[in-house]
Number of protein chains: 2
Amino acid sequence: MPQLSERTQRFLTRYGEMASHWGLNRTECQIHGLLFLSPKPLDAEEISKTLSVARSHVSNSLKELQSWGIVKTVHVLGSRREYFECLPDVWEMMRTVVAEQKRREIDPWMRILKEAAADLDDGSPDGTYAKHRVQEMLGFFEVFSRWYEELRRLPTPMIRRFLALGGKAIGLLGLKG
Amino acid sequence: MPQLSERTQRFLTRYGEMASHWGLNRTECQIHGLLFLSPKPLDAEEISKTLSVARSHVSNSLKELQSWGIVKTVHVLGSRREYFECLPDVWEMMRTVVAEQKRREIDPWMRILKEAAADLDDGSPDGTYAKHRVQEMLGFFEVFSRWYEELRRLPTPMIRRFLALGGKAIGLLGLKG
DNA sequence: CTGTGCTTCCTGTAGCGACTGAAATATACA
DNA sequence: TGTATATTTCAGTCGCTACAGGAAGCACAG
């Protein structure tokens, strides 16, 4: 994929703009998008040329994408070069992204709340109230976090079936009472 | 809450830094944090002074918080002023935040993917492959989105019981086979 | 030990978004 | 109508982050 069609350019532009709210910057997202659409692995040089981004920047971005676990290196026989590809399975990819998001956003946030609950309570009425409020918020995250941690261990097909049930699960589980 | 204790300041600082990844900017988050910890509603003037933020900025930020639905206005008898408070129930608040996040991030993203799936396929093998990939990603979001839309209609206590089950739900639903 | 391919580090630049402060506008009551 | 209160709007400033591009470092093949 040396030259990009106009359509692909259009897509990568939006991909970069949109996904940059997800913890990666615009270029990193575009690189990922490029790999996502590419039928074969690409090397850093190609990526650099295709997206008109400095070679060093591509290198750093790829490192970041690898640290997220959504891009892997591939080696081709007879070439010293490293090639890159993104996870072939979309569900695997999304699971990875969600897991990283949790690790990088939710977990630190819960740590902050925990510390704050202890710290805010200075004995005054307002302090006690504040502590109480923070604990309420922490409670939400703990329930949610525990739920997620249990679900994430399950294999993808099971999750798919689970999600497909939607709200019906509630009825089936007898949670209406 | 005219003056902030050092502890509260510490908390609001972190609250602002952390939560600003969630679609609101730092000050908006701090204002929300302040209201969240406050036992009584506050007016814009107080907020401005307490956080040392320009009055106009507070005004705009409050509007934004209201548009998210996580801050409400309250009127006090005998005063023309508007007072502000955040949703009292934390679970209600988090549900609102999640709903807004979906509306502002996921839904547009799905629209982009839909358009791109049609656009990318120029008849070439690479184009066909790209379309296929985008559809895979779209598939993930559609399953997830449908699941969420069904769950969100249920009352909070039901959701809590549901989440509390964690991975056990899978077994109970007979999804292991 | 030398060239090649890649990564890491550093510096400078550009652009974006947050924020201020002031001016313009709107609303409520005396 | 005048005064006090609120919101809206906007120009200007500031800081942060992305990014380019070059220089040095590293690893390996010959």
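Chain A is the first sequence line, chain B the second, and so forth, proteins listed ahead of strands; every chain is numbered from 1.
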For B/Glu45, report the nucleic acid contact type (base, sugar-phosphate, nothing); a contact means any heavy atom under 4.0 Å. nothing

Is A/Thr73 touching bases, backbone alone, or none of the nucleic acid, heavy atoms closer than 4.0 Å?
nothing

### Message
Does B/Ser56 reach a base, just sugar-phosphate, or nothing at all? Heavy atoms under 4.0 Å.
### Response
base

In whole angstroms, the gap separating P of C/dA14 from CZ of A/Arg26 amounts to 16 Å

>> Students often mix this up, so state it plainly: with edges at 30° and 60°, are the rings of B/His32 and B/Tyr15 parallel, tilted or perpendicular?
In response: parallel

Sorted by chain and residue number, the side chain to side chain donor-acceptor pair (under 3.5 Å) partners of A/Gln135 (sequence neighbours excluded) come out as none

Between A/Trp147 and B/Phe162, how do the two ring planes meet: parallel, tilted or perpendicular, split at 30° and 60°?
-> tilted

**Message:** It should be established whether A/Arg81 places a side-chain nitrogen or oxygen under 4.0 Å from OP1 or OP2 of nucleotide C/dT4.
**Reply:** no

Report, as yes or no, whether the 6.0 Å neighbourhood of atom NE2 on B/His132 holds more than 12 heavy atoms from other residues, nucleotides or ligands. no

Min and max contacting nt of DNA chain D in 5' to 3' order, chain A heavy atoms within under 4.0 angstrom, are D/dA18 to D/dA29

Rounded to 10°, the helix from C/dC1-D/dG30 to C/dA24-D/dT7 deviates from straight, judged by its five-pair end axes, by 20°

Between B/Lys168 and A/Glu150 (salt bridge meaning N to carboxylate O under 4.0 Å), is one present in this structure? no

Is B/Lys40 salt-bridged to B/Glu85, cutoff N-O under 4.0 Å? no

Quiz prompt | N or O in side chain of B/Asn25 less than 4.0 angstrom from C/dC19 OP1/OP2 | solution = yes

Q) Can a salt bridge be assigned to the pair B/Glu64 and B/Arg104 using a cut-off of 4.0 Å between side-chain N and carboxylate O? A) yes

Between A/Leu24 and B/Asp43, the residue closer to the 5' end of DNA chain D by nearest nucleotide is B/Asp43

In terms of side-chain geometry, is the basic nitrogen of A/Lys49 or A/Glu46 positioned less than 4.0 Å from the acidic oxygen of its partner? no

A/Ser59 has its side chain closest, among C/dA18, C/dT8, C/dG21, to C/dT8

